[in-house]
Structure formats: C-alpha cells, structure tokens
Amino acid sequence: ACSSFRLRDALHPLWQSELSVSGGTRQSPINIQWRDSVYDPHLKPLKIHYDPTTCLYIWNNGYSFQVEFDDSADKSVIMGGPLENHYRLKQFHFHWGAINEWGSEHMVDSKVYPAELHLVHWNPVTSTSFEEAIMENNGLVVIGVFLKLGAHHAGLQKLVDALPAVKHKDTIVEFDVFDPSCLMPSCPDYWTYDGSLTTPPLTESVTWIIKKTPIEVDQNQLEEFRMLLFTSAGEEEKRMVDNFRPLQPLMNRTVRSSFR
Ligand SMILES: NS(=O)(=O)c1c(F)cccc1F
Ligand SMILES: [Zn+2]
C-alpha cells in the first residue's frame, strides 16, 4: 500500500467508508508542494458575489458545524478563476484539530494549519440540485481557506457566538444575515486541482480552489470550535476535534497556481 495510506485511518470511525472509494485516482485532501505547482496564466481572478440574506441557519451535523444557504436562485455565486460557468453557494463548514499543531485537511509543503474553512458550491448549469451535483464530474467547487492563530477575527466572532446553540449533534439555530466573504483573505492568489469530497461519499466531483494566504483567528475562537460535540444530547460526550481526513496520494495530478 502506498505510504500515505494507513489502514487505521481508513477504519477511523469518521471515515469508515474510506475503503469504499478504493481505486480513487483524484482523492482529497493533498499536500500542495509549492515548487511542483504550475503557474497557469489563463487562470482568471476568482469573482465572488455572496448575498448575506441567503444565509439560513447553522447546524451540527455530527462531524462539523455547517452554515447553510438558500441556493434556490443565483444569488450567492462564484465565477471566473478556473471555472467555465457560475456555481451557487450551498454551505460552508470547517475542519480543525484538538490542538493548534494540526487540524487542516490540505497542507502546503507539509505545513499544517490549525483549521481549514470549506465553502461548498454546486454547478446549476449541469445539475438541478446540490445532491445531484455531488455525483457529477466537476459538479462542485470548494474554496479552501486556511486558518492560522493570530489576531481576533471580528467577522468570525458572530459565528462563534452562535456555537453554544449547536453544541450537540443534530441541533440547529437560525442564522439570518451573514456574508461569508468576510472570511476570505484579501490576497487573490490560489492553487487549484481536481479532487474529491473529504467526507463520505468521497465522490470525485470537486474542483478545489485553495487560497494561498490564511486568515487569522485567535485562541479563544479556535477553542470555541473545540467545545462542540460529535455526540447527541444525552449520549456520553465526545468533543468535536480532529474532524479532518488524512492526506491522499497525488497520483497523476498537477496543481496549478494563479500566481508566479
Ligand atoms: N469537506 S468537503 O468540503 O469536501 C464537503 C463536505 F465535508 C460535505 C459535503 C460537501 C463537501 F464538499
Ligand atoms: Zn470540508
């Protein structure tokens, strides 16, 4: 088995279906080797237009907390970058570690960050719903943003303040107006590659756009993430931490960069 495949990861409770995509040739996450990425001058700037009123609610789905959006129209969309058409924002969520030394899914030259934000979008031109797009080649676009320990993030704090209301699995709280563009770094640089969902069903339907520059959050904000639970009310409490998938082999893929 190749070096990055560890059976104990594949059988970890969170990823028990890891083996179900055996033979996958474009799995995520990966370690982005900066020197192996290829500058593509044809890559356009990413264009992001999020309508804050499309924000619906936050919920704890048992492996992350997720902010869901109204995707019944082209109101919160991304386009440009490596994309041939526009994609609708469906949800965003995070992955993080038990301590600051790990937590992100992707890595850059083997550097790991304490957390990673995923903004999940689907292609309304080739699919009629998010659920359908999950099964389509290039049905999804996920923007990945690294979080690093640093200054307090005022935009994130509105989200953090709502977390106690979704402490347990399958709890939900209304979250009316939020503009996720406040979570994007100002630097336009990104890497892009063809990959997969990092949670079951692990389908190979994702065009990944990984922002080069992390956003800064403070220690208290990260610790609020770690106070969430994987478990439902009444069950023995298990803290929601280390909800990231192990690195997957690059295989026959090239990571392109939008910057020299
Ligand atoms: N982690 S990820 O961004 O690959 C992801 C999920 F976790 C869940 C659904 C869609 C999706 F894209
Ligand atoms: Zn994710």
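Whatever order the structure lists ligands and atoms in, that order sets their numbers, starting from 1. Numbers for residues simply follow the sequence, beginning at 1.
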Ring-ring centroid check H106 W208, cutoff 6.0 Å: yes

Under-4.0 Å salt bridge between D51 and K75: no

Identity and separation of the nearest protein heavy atom to atom 10 (C) of ligand 1: L197 CD2, 3.7 Å

N, O or S atom within H118 nearest to the Zn ion (ligand 2), by name: ND1

Under 3.5 Å side-chain donor-acceptor pair for D161 and Q157: yes

Within-shell test, H95 vs ligand 1, heavy atom, strictly < 4.0 Å: yes

Minimal non-hydrogen separation, S257 against W191, with atom names: CB-CD1, 3.8 Å

Residue, atom name and distance, where the atom is the protein heavy atom closest to atom 8 (C) of ligand 1: T199 OG1, 3.5 Å

Considering all heavy atoms, the nearest D179-P52 contact: CB-CG, 3.9 Å

For atom 4 (O) of ligand 1, closest protein heavy-atom neighbour: T198 N, 2.9 Å

Proximity flag V206 to ligand 1, non-hydrogen atoms under 4.0 Å: no

Residue, atom name and distance, where the atom is the protein heavy atom closest to atom 9 (C) of ligand 1: Q91 NE2, 3.6 Å

W208 contact mode with ligand 1 (heavy-atom cut-off under 4.0 Å): side chain

Sub-4.0 Å heavy-atom contact, R245 with ligand 1: no

Atom 5 (C) of ligand 1 - nearest protein heavy atom and its distance: H93 CE1, 3.7 Å

